[in-house]
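This report concerns only the one structure given below.
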There are 2 protein chains.
Amino acid sequence: MPYRRWKRHGHRHGMHRMTEPRRCIMKIFEENAGHLSAEEVFMLANRYLPNIGMATVYRTLDILSQMNYINKIVSYDGRARYELVRDNKIHTHLFCVNCGRVFELPSLSEDLIERLKKDINGNAENMGIDVHSFDVRIQGLCPECKKNK
Amino acid sequence: MPYRRWKRHGHRHGMHRMTEPRRCIMKIFEENAGHLSAEEVFMLANRYLPNIGMATVYRTLDILSQMNYINKIVSYDGRARYELVRDNKIHTHLFCVNCGRVFELPSLSEDLIERLKKDINGNAENMGIDVHSFDVRIQGLCPECKKNK
DNA sequence: ATTGATATTGATAATCATTCTCAATAATAT
DNA sequence: ATATTATTGAGAATGATTATCAATATCAAT
Ligand SMILES: [Mn+2]
Ligand SMILES: [Mn+2]
Ligand SMILES: [Zn+2]
Ligand SMILES: [Zn+2]
């Protein structure tokens with residue numbers, strides 16, 4: 001179900017009712033391009049809903065992920081990040097080993113992705129595994145941290 | 001410094017002394033091909049060193065990683081895995097969304113890796129980032145979990 | 001609009017992997 | 001053998017995420 005429809009009161013998505021915290025958090029992702037931690041989402045939501053609780057943030061991030069409105073990204077620093085689902089391109093992310101932030105890289109060229117898919121699906125068939133998704137991850141220093149080193 | 005030399009008493013690696021727990025845990029990785037969690041390493045080490053503590057396991061995994069004898073892999077289930085460094089190939093790992101285990105896929109073809117490297121390094125240059133390493137990750141079902149579904 | 005069934009909330013406690021603290025011990029240099 | 005100091009194991013502490021639960025808000029049926 002597209003988010004536009006669910007956004008209005010009176011439109012449930014399965015068992016999921018539309019509520020203020022959910023609308024607010026979804027709005028935050030629509031207005032922020034980056035890869036936000038739960039804590040960052042909490043602080044942004046807090047400006048509009050001063051009583052919102054951390055538990056609600058986590059619960060909402062969870063169902064928005066399930067609904068495929070946002071992506072959950074598990075980083076190396078022990079905290080997850082979330083981003084709005086904008087397209088179905090394979091994301092290439094940089095995980096900064098210094099500050100822990102996640103950065104977007106330009107997507108790989110179409111034919112490179114095609115060859116990756118082919119290669120991976122071939123191996124998957126041989127091994128008897130079921131591929132849901134894949135991605136490319138880079139570890140290194142973000143522009144800011146590279147300077148200050 | 002190669003592990004063979006460090007393995008003997010009286011041979012330090014910088015400030016790192018050679019001790020029973022370190023020898024034991026390194027041996028465990030040499031004898032186990034898989035991707036082990038700290039808990040799994042602890043249980044295996046426990047058979048030889050009944051008094052070993054969890055803190056020592058974590059500390060040892062940490063310095064073995066720094067020494068580049070083992071790789072640390074951050075999984076999606078909130079616990080890290082570790083594997084012996086055997087070569088410098090780009091690892092393609094399957095992270096089973098059902099059981100949380102990590103599996104090795106055959107490495108990508110040489111020229112595919114070369115093209116990936118080129119593509120990534122090109123983007124890295126433009127963005128002013130410093131690439132330390134990269135890898136391809138698959139999320140899906142392992143052979144075992146695929147059957148039992 | 002009012003009602004009733006129930007999904008959601010915020011506060012708080014609990015969990016779980018990992019890290020820290022510290023006094024006792026073991027590994028190396030002399 | 002002795003002195004120096006890195007390492008250990010036990011247990012406490014941390015920090016992100018989940019679970020619990022009574023109060024509240026949403027939505028479908030009236
Ligand atoms: Mn992204
Ligand atoms: Mn591997
Ligand atoms: Zn950084
Ligand atoms: Zn599995």
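The chains referred to below are lettered A, B, ... by the order of the sequence lines, with proteins before strands, and numbering in each begins at 1.
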Looking only at side-chain atoms of [X], point me to the closest of [options].
| X | options | value |
| --- | --- | --- |
| A:Thr19 | D:dC27, C:dT9, C:dC20 | C:dT9 |
| B:Met15 | D:dA19, D:dA6, D:dT17 | D:dA6 |
| A:Lys72 | D:dG9, D:dT7, D:dT18 | D:dT18 |
| B:Arg17 | D:dT26, D:dA6, D:dT8 | D:dA6 |
| A:Arg12 | D:dC27, D:dG9, C:dT28 | D:dC27 |
| B:Pro21 | D:dT8, D:dT17, C:dT9 | D:dT8 |

Reference residue B:His35; test side-chain hydrogen bond (donor to acceptor under 3.5 Å, both in side chains); the match among B:Glu83, B:Glu40, B:Arg81 | B:Glu83

On DNA chain C, check which nucleotide each of B:Arg8 and A:Gly53 is closest to and give me the residue with the more 5' one.
-> A:Gly53

N/O-N/O pairs, protein side and nucleotides 13-17 of chain C side, under 3.5 Å:
unit_1, atom_1, unit_2, atom_2, d
C:dA17, O3', B:Gly78, O, 3.4

Output the rounded distance in Å from [atom1] ([X]) to [atom2] ([N]).
| X | N | atom1 | atom2 | result |
| --- | --- | --- | --- | --- |
| B:Leu49 | C:dT25 | CG | C1' | 15 Å |
| A:Arg81 | D:dA16 | CZ | P | 10 Å |
| A:Tyr76 | D:dA16 | OH | P | 19 Å |
| A:Arg59 | C:dT9 | CZ | P | 6 Å |
| A:Ile63 | D:dT26 | CD1 | P | 14 Å |
| B:Leu61 | D:dT8 | CG | P | 12 Å |
| B:Asn51 | D:dG11 | CG | C1' | 15 Å |
| A:Glu20 | C:dT9 | CD | C1' | 13 Å |

Check: [Y] main-chain N/O paired with [X] side-chain donor or acceptor under 3.5 Å:
| X | Y | value |
| --- | --- | --- |
| A:Asn121 | A:Lys117 | yes |
| B:Trp6 | B:Arg23 | no |
| B:Thr60 | B:Thr56 | yes |
| A:Asn32 | A:Gly34 | no |
| A:Arg5 | A:His13 | no |
| A:Ser65 | A:Leu61 | yes |

Hey, does A:Met18 reach any base, or is it just sugar-phosphate, or nothing, if we go heavy atoms under 4.0 Å?
-> sugar-phosphate

Just checking B:Arg22: base, sugar-phosphate only, or nothing, at a heavy-atom cut-off of under 4.0 Å?
-> sugar-phosphate

With axes from five pairs an end, tell me the bend angle of the helix from C:dA1-D:dT30 to C:dT30-D:dA1, nearest 10°.
-> 40°

Scan side-chain atoms only and decide if A:His132 and B:Gln139 contain a donor-acceptor pair under the 3.5 Å cut-off.
-> no

Residue-phosphate contact under 4.0 Å: A:Thr56 side-chain N/O, C:dG10 OP1/OP2 | yes

More than 12 foreign heavy atoms under 6.0 Å from NZ of A:Lys118: is that the case here?
-> no

Residue B:Glu125 excluded, over 12 heavy atoms near CD under 6.0 Å | no

